[in-house]
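Please read the structure below before turning to the comments.
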Amino acid sequence: MATKINPSEITPEHLYLSRRKFMIGIGALATSAAVLSACGNQFSSTVSRAASNEIPPEDLEVSTTTDELGDELTPFASVTSYNNFYEFTTSKEGVANLAKDFKTSPWQVEVSGLVNNPKTYDIDDLRTKFAQEERIYRLRCVEGWSMVIPWLGFSLSEMLSEVEPTSQAKYVRFETLYDPEQFPGQRSNWYEWPYIEGLRLDEAMNPLATMATGLYGTHLLPQNGAPFRLVVPWKYGFKSIKSIVKIELVDTMPVSLWMEAAPHEYGFFANVNPTVPHPRWSQATERRIGEFGRRDTLPFNGYAEEVAYLYEGMDLRENY
Ligand SMILES: Nc1nc2c(c(=O)[nH]1)N[C@H]1C(S)=C(S)[C@@H](COP(=O)(O)O)O[C@H]1N2
Ligand SMILES: [Mo]
């Protein structure tokens, strides 16, 4: 961060962005290869599909094979077959099969609370109204494993700007669908359903806070939180709440499902922090899915330059 960079070495922001972004509108998925080459991307690769998923391999498109640190993308098959989604099951390998018939259409998302302009979006509106960009982010689960996932989505801030939070709005509260008919896990009262998560408003306005509708160039599969989920790459994976039906602007800190279940283990902030252990295990290292051994966990999951300002002056051990 403090390193001096010669201005001539800095890529102008618009070039940087156009290289990393590609726009996919509704109906354009089939032509995403053409869109990619039109944007001048040099790398386009097709990824083999997971046997259990009905995505034709030609529909899976990514613009590159690594993230900005040079870490390889986690294969599509792993991203869609090793999941945490307790509404289905606590078995990571069991989610995909149980989620197969989950109904993701019709689907509406209400954005309300302390806003001037409340809205209810249809999932198709979300896909067309907000430009869908490829965003390659590391996902670090609090349990100590991680993946690199090429999401499709847009900044939460774009949606929030449209609903116009009032000056009383201080936090954003997210809610997953409550439907025990479809979610067998919700028939147990082990957890307080529905799944709730939250962000401080300034965190929510950071451009890295992403609303995802897809990954690997195609729509999200149910096991990954279809049709619409949050992705907060600098926080532990549990903050990235799936299958969202409601987003509410509020004035007090929301209590998440995990804060409710185990307040001493899971706090509101949950920033990835190798120096603050979980009460039952270290967070200094992680296992990247597909790799042998462990690698060091990075502060804020490698996004410190983008997000550290949000926590200036805060004790990150207290605010875990
Ligand atoms: N509604 C809901 N959202 C959720 C979860 C969940 O059980 N239910 N699990 C979280 C956890 S612990 C992680 S690590 C990520 C996993 O996302 P992925 O399966 O798409 O990799 O989703 C998060 N979002
Ligand atoms: Mo997680």
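Numbers for residues simply follow the sequence, beginning at 1. We count ligands from 1, going down the list as the structure has it; atoms in each ligand are counted the same way.
- Of the heavy atoms in E87, only side-chain atoms (C-beta onward) come closer than 4.0 Å to ligand 1.
- Aromatic ring centroids of W234 and Y303 lie 6.0 Å or more apart.
- Judged purely by atom type and a 3.5 angstrom limit, Q132 has no side-chain atom pairing as donor or acceptor with the backbone of F154.
- With 3.5 Å as the limit, one finds a donor-acceptor pair spanning the side chains of N271 and K235.
- Counting only heavy atoms of the protein, atom 15 (C) of ligand 1 lies nearest to G237 O, 3.6 Å.
- Given atom 7 (O) of ligand 1, the protein heavy atom at minimum distance is Y86 N, 2.7 Å.
- With a heavy-atom cut-off of 4.0 Å, V79 does not touch ligand 1 at all.
- Side chains of R140 and T297: a donor-acceptor N/O pair is present below 3.5 angstrom, by distance only.
- Listed by number with element, the atoms of ligand 1 under 4.0 angstrom from any heavy atom of T176 are 1 (N).
- Of the heavy atoms in F238, both backbone and side-chain atoms come closer than 4.0 Å to ligand 1.
- For atom 6 (C) of ligand 1, the closest non-hydrogen atom on the protein side is Y195 CE1, 3.4 Å.
- Rounding to the nearest 0.5 angstrom, the gap separating the CG atom in L199 from the NZ atom in K239 is 6.0 Å.
- Interface of I241 with ligand 1, defined as ligand atoms under 4.0 Å from a residue heavy atom, comprises 3 (N), 24 (N).
- Under a 4.0 Å criterion applied to the non-hydrogen atoms of S240, ligand 1 contributes the atoms 22 (O), 23 (C), 24 (N).
- Taking only non-hydrogen atoms, the option from Q223, K242, E175, Q186 nearest to atom 19 (O) of ligand 1 is K242.
- In this structure, E143 falls outside the shell of residues with a heavy atom less than 4.0 angstrom from ligand 1.
- For ligand 1, the polar-atom distance check against N84 finds a nitrogen or oxygen pair separated by under 3.5 Å.
- Contacts between K239 and ligand 1, counted as non-hydrogen atom pairs separated by less than 4.0 Å, are absent for every part of the residue.
- Expressed to the nearest 0.5 Å, how far CD of E93 lies from OH of Y82 amounts to 6.5 Å.
- With no hydrogens or angles considered, a side-chain donor-acceptor pair links T285 and R294 at under 3.5 Å.
- Under a 4.0 Å criterion applied to the non-hydrogen atoms of L139, ligand 1 contributes the atoms 21 (O).
- Rounding to the nearest 0.5 angstrom, the gap separating the CG atom in N224 from the CZ atom in F76 is 7.5 Å.
- Of the N and O atoms on the side chains of Y137 and E68, not one donor lies less than 3.5 Å from an acceptor on the other residue.
- Atoms of ligand 1 lying under 4.0 Å from any heavy atom of C141, numbered from 1 in the order shown and given with element: 14 (S).
- Geometrically, ligand 1 and W145 share no nitrogen or oxygen pair separated by less than 3.5 Å.
- Looking at R229 next to ligand 1, an N or O pair under 3.5 Å apart turns up.
- Residue-ligand proximity, N224 to ligand 1, at heavy-atom distances under 4.0 Å covers atoms 18 (P), 20 (O).
- Considering only heavy atoms from C-beta on, Y178 stays 4.5 Å or farther from V245 through its side chain.
- For N206 (side chain) and V307 (main-chain N/O), no donor-acceptor pair under 3.5 Å exists by modelled atom type.
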